[in-house]
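Owing to the predicted nature of the structure, the values given are computational and were not obtained by experimental measurement.
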Amino acid sequence: QDSVRIALVAKSLGNGFFEAAARGAEEAAEELGNTEIIYTGPTSTTAEGQIEVINSLIAQRVDAIAISANDPDAVVPALQKAMQRGITVISWDSGVAPEGREMHLAPSSDELIGRTIIKLAADHLPEGGEVAVLSATSTSTNQNTWIAEMEKVMDQYPDIEVVATVYGDDLADKSYREAQGLMQTYPDLDAIIAPTSVGIVAAAQAVQDASKVGQVNVTGLGLPSEMAGAIESGASKSFAIWNPVDLGYTTAMIAHALATDEATAEPGAEIDTGRMGSVTLDEDNQAAMSEPFTYDESNIDEFKSIF
Amino acid sequence: MSLAEGTRPRNFPDRLTGRGQRILRSWELLLFVIAVLIFIANTQASPYFLDPWNLSDATFNFTEKSMIAFAMALLIISGEIDLSVAGIIALASTAMGWALQFGVGTPGLVAIGLAVGLLCGAFNGVLVTRLGLPSIVVTIGTMSLFRGISYIVLGDQAFNGYPDSFAWLGRGYVFWVITFELTLFVVFALIYGVVLHKTNFGRHVYTIGNNPVAARFSGIRVERVKMILFLLTGLMSGIAAICLTGRLGSTRPSIAYAWELEVVTMVVLGGVSILGGAGSILGVVIAALVIGMVTFGLGLLNVPGIVMSIFIGALLIGVIALPRLVTKLRRR
Amino acid sequence: MNYSSETGRGVPVLADPVLRLSGITKTFPGVRALSDVELALYPGQVTALVGENGAGKSTLVKILTGIYQPDGGVIEVDGQASKFPTATAASAAGVTAIHQETVLFDELTVAENIFLGHAPRGRFGLIDWTAMNARAQEILTRIGAQISPKTPLRELGIASKHLVAIARALSVDARVVIMDEPTAALSSAEIEELYELVERLKGEGKAILFISHKFDEIFRIADRYTVFRDGEMVDAGMIADVTENQLVEKMVGRAVDTIFPQRNSNPGEDVLTVAGYSHPTEFADIGFTLRRGEILGFYGLVGGGRSEFMQALFGVTKPSKGACRIDGKIAVIRSPAEAIRKGIVYVPEDRGAQGAVTAMPIFQNVTLPSLKATSHKGFVRMAEEFALARKYTERLDLRAASLDQNVGELSGGNQQKVVIAKWLATQPKVIILDEPTKGIDVGSKAAVHDFMAELAAEGLSVIMVSSEIPEILGMSDRVIVMREGRIAAEFDREGLTPETLVRAAAGYGGEAAA
Amino acid sequence: MIRDFIKSREAILVGALIALILLVEIRFSGFASPGNLASVFNDTSILIILALGQMLVILTRCIDLSLASNLALTGMVTAMINAAIPGLPVIALIALAIGLGTLMGMFNGILVWKLDIPPIVVTLGTLTIYRGLVFLISGGEWVNSHEMGEAYKALPRLDFLGLPVLSWIAIAVIAGFVILVNRSGLGRAFYAVGGNPHAAVYTGIDVGRTRFAAFTIAGGLAGLCGYLWVSRYAVAYVDVAGGFELDVVAACVIGGISIAGGLGTVTGAVLGALFLGAIKNALPVAGISPFWQLAISGAAIIIAVAFNAQSSRKQGRIILKSAEHPT
Ligand SMILES: Nc1ncnc2c1ncn2[C@@H]1O[C@H](COP(=O)(O)OP(=O)(O)OP(=O)(O)O)[C@@H](O)[C@H]1O
Ligand SMILES: Nc1ncnc2c1ncn2[C@@H]1O[C@H](COP(=O)(O)OP(=O)(O)OP(=O)(O)O)[C@@H](O)[C@H]1O
Ligand SMILES: [Mg+2]
Ligand SMILES: [Mg+2]
């Protein structure tokens with residue numbers, strides 16, 4: 001029998017997060033046997049690029065496409081075409097509108113992430129203080145959802161004030177400059193929350209270069225391999241992330257199950273995800289993995305070589 | 001002619017070389033051979049390549065870009081360039097999305113897309129022809145300006161919910177596997193081919209590209225021709241914006257990011273001289289097919305896009321360098 | 001082959017040549033520009049190099065100055081075989097040139113234009129600007145040019161630019177000075193200065209190669225001559241041994257009638273009336289009438305504003321004031337297109353930049369302003385274009401390989417024929433010819449003159465801008481002299497003398513006639 | 001001299017720059033403080049160095065669109081080598097970066113020189129090729145801060161006489177350029193080749209070789225910037241400096257370097273870069289929405305080019321002697 005071919009489509013190639021997810025997917029493929037992972041994606045984070053990739057995957061008649069979308073709507077027609085031709089389509093990480101996929105696997109629930117990022121900052125500010133948000137590209141959906149979720153729980157932290165939200169466009173230099181700008185505009189800034197792996201690294205570097213280690217704590221979502229330096233220098237006291245390896249692993253497991261008809265995507269369905277246990281779909285055919293995991297001095301060395 | 005009597009007027013033919021010889025020496029033939037080779041290589045490399053539906057899907061890789069490339073070819077032949085085309089797409093798409101919020105229907109959206117394209121083209125055209133500014137610099141500026149306005153309007157938001165009739169313009173099929181976009185591509189290829197090669201206007205475009213001063217002294221309204229070309233390029237960007245927006249079903253400020261360089265690459269690969277004065281639409285058509293086939297063929301092998309772009313970059317330099325290298329070596 | 005023994009004819013050979021060329025050959029794709037050419041230059045002597053357009057004179061200059069490499073042949077300097085791979089090598093060997101084209105840099109200062117490539121160096125090999133300016137001043141004074149070395153070149157007029165080019169040639173310590181049509185852009189006073197300079201250089205023992213189409217100056221300053229025809233050296237000798245007519249015959253390979261065509265002019269009704277044409281900076285208050293079948297000469301010193309006015313009349317630039325009538329009707333001309341439609345055409349002075357589209361074929365150049373006639377509803381018709389182009393190029397006796405040959409591949413005279421053919425094809429009422437024979441050899445020149453006469457006889461009205469007095473006197477029915485942007489005088493041909501013209505052009509009581 | 005300067009476009013740029021700084025200062029006091037201005041300069045250092053390289057290329061009537069890709073590739077190579085062989089001294093890595101960048105510049109230059117391919121075509125091609133190579137050698141992986149050596153990261157930040165070494169490198173490059181451009185034969189050749197390539201040949205200047213030199217120098221500087229960028233931001237990845245090539249061209253244009261060649265000054269290029277740098281730094285500080293940034297820099301380019309064209313418009317020759325010289 002032919003092997004099951006699962007395409008894992010990243011937002012763009014050359015991003016450590018997705019590389020790590022691909023490793024997780026490979027792990028799942030090995031476990032499942034007779035499964036091939038096609039890890040692919042466009043050069044830059046555009047919808048047009050992803051559509052080209054999807055078209056070529058449809059042409060190859062892969063068995064499943066699992067995509068982290070650059071635009072939840074723009075990729076829908078292409079994915080619908082894929083589904084019409086019998087390809088299993090799921091989204092993971094950054095979602096696709098419901099009509100364009102069978103189910104969505106969120107790395108964590110938006111609510112949990114929103115709560116976590118403010119908590120990370122607040123834990124080190126018992127007296128309260130000023131925090132600012134350094135987001136990624138202005139067009140990425142998940143960033144904005146998390147920030148919105150964070151704002152919903154702000155009343156639990158009356159002493160903490162969010163003074164600004166700026167965008168680093170997921171570019172190291174721009175994020176760096178934005179972080180610098182924040183520190184100049186708000187001399188009393190206590191923390192920068194960057195819910196993006198590019199922004200958090202750049203912000204930590206900016207804090208270090210401004211000799212504000214100890215005054216400004218950088219936190220948010222980042223990868224241990226990229227943040228190890230910042231933890232070491234003290235620019236960041238802690239940060240969180242879900243485990244991309246686990247995310248990729250789970251995605252591949254679900255895609256395989258749906259593609260081989262071992263499971264169907266419908267509200268309430270429970271899908272077995274190997275070593276990760278199982279996920280249950282909600283009424284929107286969405287499933288969330290666990291709460292983000294927090295990394296600090298105590299555990300960074302253990303993870304920095306993993307992802 | 002008293003003085004010419006001493007020497008007999010020499011007889012010379014209209015043309016020295018026949019049509020066959022001209023074709024044999026043409027750039028288009030070289031490009032066509034490359035296209036055929038790539039086609040064969042693709043059929044060998046992937047069993048999925050020779051499938052009408054797949055090939056039909058693959059045409060989306062180049063149809064929108066090549067529509068702009070046709071107008072850009074004329075503009076570059078006339079000695080100017082427009083790097084703001086992708087910015088125009090972003091702005092036109094944003095304007096359509098904005099109008100959509102007020103319940104404007106498909107015909108209205110199309111009209112807005114075309115109008116914004118024309119306006120942007122007119123803006124570039126005025127800066128270049130009236131103020132006499134170099135187009136490469138002006139359009140580097142308007143490239144940021146047009147897309148920048150999109151960012152100001154949209155920020156991190158997106159417009160979506162385009163009606164199906166509008167989406168059809170980007171996704172619809174006219175007949176079997178023939179998409180609406182592909183039909184437009186063919187129609188525009190014919191129109192631009194005829195305009196450039198068979199009309200007085202086309203001749204004026206070539207003349208201006210070769211020697212704008214002599215063109216002016218010959219009674220050609222150089223500024224007007226250039227203005228028309230900027231308007232056409234804007235209009236084609238507007239049309240591309242309509243198709244692309246219809247296909248994506250959503251508008252974000254980052255739409256068509258970095259397309260300007262891909263369009264210019266297509267035009268130059270098609271044998272249009274970046275210095276102006278030479279080139280053909282047939283060349284651009286073949287170049288569009290070559291780029292489409294390369295990206296699709298490599299895509300089928302799951303080669304990352306950035307590696308494809310190495311391939312296309314090398315193709316661009318290689319195809320232009322090769323004939324020069326050969327003449328150089330032959331002259332030794 | 002020994003040059004001096006062959007052409008000696010009792011001429012005392014003074015010294016060994018400084019520079020001797022033998023067997024020099026140069027081919028361009030499709031053109032043999034020079035074949036097996038001989039030339040020797042002697043210290044303290046001026047050798048005139050004459051030949052028709054495209055005979056290969058400038059090509060030889062470029063070979064001597066290291067810009068082109070010959071395909072074969074030997075260059076000997078002081079009896080030593082040498083090679084000039086670059087312009088620097090040539091100037092190091094003591095060969096310097098004033099080129100036919102002005103080869104200067106608008107954005108650099110005068111001093112730097114003079115010293116570019118061999119600027120005085122100071123410490124660490126860095127350019128010493130102070131020394132450069134001082135030395136530039138020295139040279140400029142020496143050639144009698146009143147130009148400050150620190151002025152940006154772009155602020156100079158065309159004649160001053162030419163003086164800078166001359167200064168540049170003299171800034172290297174050369175033994176061989178080549179001048180390729182050095183007087184083409186100079187006024188008569190400046191030409192006089194140049195002659196003096198040549199005398200001085202002769203006195204310093206320099207060998208001079210002087211290229212010109214003007215026989216009066218050749219006979220005035222040259223000691224020797226060399227004649228090129230179609231890329232071959234056909235004769236050489238002492239100037240004292242030849243007459244002007246003999247020289248022309250050697251050049252063209254046949255006897256040439258240098259007398260201007262005989263015309264019976266009987267101008268008809270007024271065709272063009274110009275009144276009060278003015279421009280803020282270029283010209284003021286120009287008015288005249290032009291009649292049917294008339295040739296109206298415009299004389300003046302270079303830079304007198306004639307071309308500027310003609311271009312305004314043709315719609316290239318806008319006049320600030322003034323009106324013109326064509327056939328009695330008021331005509332507003334805002335663009336060349338309008339001028340062409342109303343029957344006025346202009347053959348520009350700068351053939352390469354304004355006249356011909358060199359990278360396009362002959363037939364397309366010819367039909368450019370007549371496309372309306374050869375096309376059908378905006379669609380081109382190639383066959384009709386070829387027919388039209390053939391008709392007019394044949395009439396002008398064009399020499400070319402084919403009608404789809406690029407104009408750039410033609411010699412200067414033939415390019416001019418293409419440009420004229422282009423305008424005749426529009427069947428104009430008035431044709432303005434701006435320096436129609438500038439840089440054209442005697443053969444082609446006579447052809448152009450004959451043609452002009454023929455056109456006038458057919459009823460076309462001709463305005464001829466020229467800086468050559470014989471041409472003006474020989475061709476015009478009437479002459480208008482322009483000076484500093486205004487009409488200085490108007491004359492009938494009858495009884496007009498060169499002196500009167502020169503006086504009018506220079507201003508009464510101004511510098512004396514040349 | 002002073003009067004000439006006041007009328008020059010450099011003076012206007014200085015004025016615009018000061019006005020911009022004061023404007024931001026009004027909204028946010030402290031922006032114009034020496035410390036902050038120094039940090040803006042430091043931030044703009046890389047742009048300045050690249051703009052100077054690009055200036056040479058543009059002076060010769062060429063353009064180099066591959067500078068940012070060159071930077072990304074050299075940056076990635078030095079980072080990967082640093083990660084793989086931590087013992088290698090930083091100076092060797094810098095030499096390597098410059099060497100590699102120079103090679104890439106030479107590749108562009110040789111195609112322009114020997115095969116006479118239009119520079120925009122050559123560098124459009126190498127723009128994608130060099131960037132693609134970054135992906136190929138890194139496999140899309142990042143090189144992260146903790147994988148880099150301390151010395152590698154520390155150099156650009158080292159404080160020397162109150163300024164970081166990065167700033168000093170920019171100052172050294174500027175000084176070098178002033179001498180190169182104004183006092184050396186090669187420097188003047190750049191102007192000659194761009195001002196009138198045809199005439200340059202008659203002056204003994206080899207047009208192709210001079211262009212080659214411009215591309216080579218620009219490439220070498222891009223290589224240097226590759227190291228500086230990666231060590232400054234302590235991260236190397238495929239998209240480093242993506243799209244930066246157009247910023248560099250924009251800096252030159254704003255600085256009055258004529259795209260037609262042969263016209264421009266070191267001061268202009270530096271000021272153009274500083275102007276862009278100041279805008280980029282001022283926006284976040286002045287609290288202007290980041291979404292405005294693109295449109296503002298676009299408008300700045302258009303205004304600058306319109307302005308430069310206006311001030312350098314050829315004054316018509318004046319033939320007419322006015323009334324005071326009647327004949
Ligand atoms: N770069 C070139 N490429 C091709 N052909 C050329 C080139 N330069 C000159 N020729 C040709 O070589 C021949 C000699 O030209 P050259 O310029 O030496 O003539 P010339 O004697 O100086 O004429 P003129 O009196 O018009 O200046 C002409 O037929 C010309 O068309
Ligand atoms: N300073 C200058 N820089 C560049 N070109 C110049 C300059 N001065 C004059 N020219 C050019 O020289 C030509 C002659 O100038 P103008 O038309 O004013 O005088 P003219 O009386 O027509 O002289 P000519 O005898 O050359 O026809 C024109 O084509 C003009 O563009
Ligand atoms: Mg000549
Ligand atoms: Mg003139």
Side-chain angles (χ1 to χ4, degrees), chain B residues 81 83-84 87 123-124 127 131-156 253 257-258 260-262 264-265 268-269 273-275 304-325 327-328, chain D residues 63 65-66 69 107-108 111 114-136 139-140 238-239 242-243 245-247 249-250 252-254 257-260 289-306 308-310 313:
Chain B
I81 196 168
L83 293 178
S84 73
F123 187 66
N124 285 330
L127 286 175
L131 300 186
L133 308 178
S135 56
I136 184 163
V137 182
V138 164
T139 56
I140 284 179
T142 52
M143 164 172 94
S144 302
L145 183 66
F146 295 155
R147 197 182 286 282
I149 296 174
S150 273
Y151 268 102
I152 293 174
V153 172
L154 269 172
D156 54 1
Y257 178 72
E260 58 279 333
L261 294 185
E262 294 181 41
V264 172
T265 302
V268 173
L269 185 62
S273 161
I274 197 89
L275 307 173
I306 193 158
V307 179
M308 289 180 205
S309 63
I310 299 187
F311 196 87
I312 290 174
L315 197 66
L316 179 70
I317 293 182
V319 168
I320 290 175
L322 201 69
R324 293 171 196 242
L325 208 61
T327 14
K328 224 178 155 103
Chain D
I63 193 163
L65 297 176
S66 71
S69 300
F107 181 70
N108 289 334
L111 288 174
K114 290 296 179 189
L115 294 185
D116 217 14
I117 307 179
I120 190 164
V121 176
V122 168
T123 56
L124 199 60
T126 51
L127 156 93
T128 57
I129 295 176
Y130 296 163
R131 179 77 62 181
L133 288 176
V134 188
F135 182 85
L136 281 189
V238 176
D239 249 354
E245 52 274 336
L246 293 180
D247 281 10
V249 175
C252 287
V253 168
I254 293 177
I257 317 291
S258 164
I259 208 85
S289 153
F291 301 122
W292 283 76
Q293 181 170 316
L294 203 57
I296 290 178
S297 34
I301 295 171
I302 296 170
I303 292 169
V305 66
N308 284 335
Q310 215 66 42
R313 183 146 297 173

Under 4.5 Å to a heavy atom of chain D? For M143(B) that would be side chain
With chain D, the option among V307(B), I140(B), L145(B), L83(B) that has the most non-hydrogen atom pairs under 4.5 Å is L145(B)
Only one of L111(D), N108(D), T123(D), L115(D) passes side chain to side chain contact (heavy atoms under 4.5 Å, CB included) with I317(B), and that residue is L111(D)
When rounded to the nearest 0.5 Å, the distance separating CD1 of I320(B) from CG of D116(D) is 12.0 Å
Sorted by chain and number, sequence neighbours left out, side-chain hydrogen bond (donor to acceptor under 3.5 Å, both in side chains) with T265(B) holds for none
In terms of heavy-atom contacts, K114(D) and K328(B) come closest through O-NZ, 2.8 Å
* To do: Indicate yes or no: at least one non-hydrogen side-chain atom of I312(B) is less than 4.5 angstrom from one of T128(D).
  => no
So, the part of L127(B) with a heavy atom under 4.5 Å from chain D: the answer is side chain
Under 4.5 Å to a heavy atom of chain B? For V249(D) that would be side chain
Value for OG (S309(B)) from CG (L127(D)), rounded to nearest 0.5 Å, stands at 8.5 Å
Honestly, the part of L325(B) sitting under 4.5 Å from a heavy atom of chain D is both
Heavy-atom closest pair (G132(D) atom, I306(B) atom, distance to 0.1 Å) is CA-CG1, 3.7 Å
Okay, V137(B) and chain D: the region with an atom under 4.5 Å from a heavy atom over there is both
Using atom types as modelled, flag every donor-acceptor pair under 3.5 Å from a side chain in residues 291-306 of chain D to any protein atom, sequence neighbours excluded.
from    : atom 1 : to      : atom 2 : distance (Å)
S297(D) : OG     : Q293(D) : O      : 3.1
S297(D) : OG     : L294(D) : O      : 3.3

dist I120(D):CD1 -> I81(B):CD1 (nearest 0.5 Å) comes out at 4.5 Å
Cut-off 4.5 Å, heavy atoms of chain B, and the answer for T126(D) is both
Counting heavy-atom pairs under 4.5 angstrom with chain B, the leader among I63(D), I117(D), L136(D), V253(D) is I117(D)
dist I274(B):CD1 -> L124(D):CG (nearest 0.5 Å) comes out at 7.5 Å
One should read off an interatomic distance between L133(D) CG and I310(B) CD1, to the nearest 0.5 angstrom, of 4.5 Å
Turns out that what part of I152(B) lies under 4.5 Å from chain D's heavy atoms comes down to both
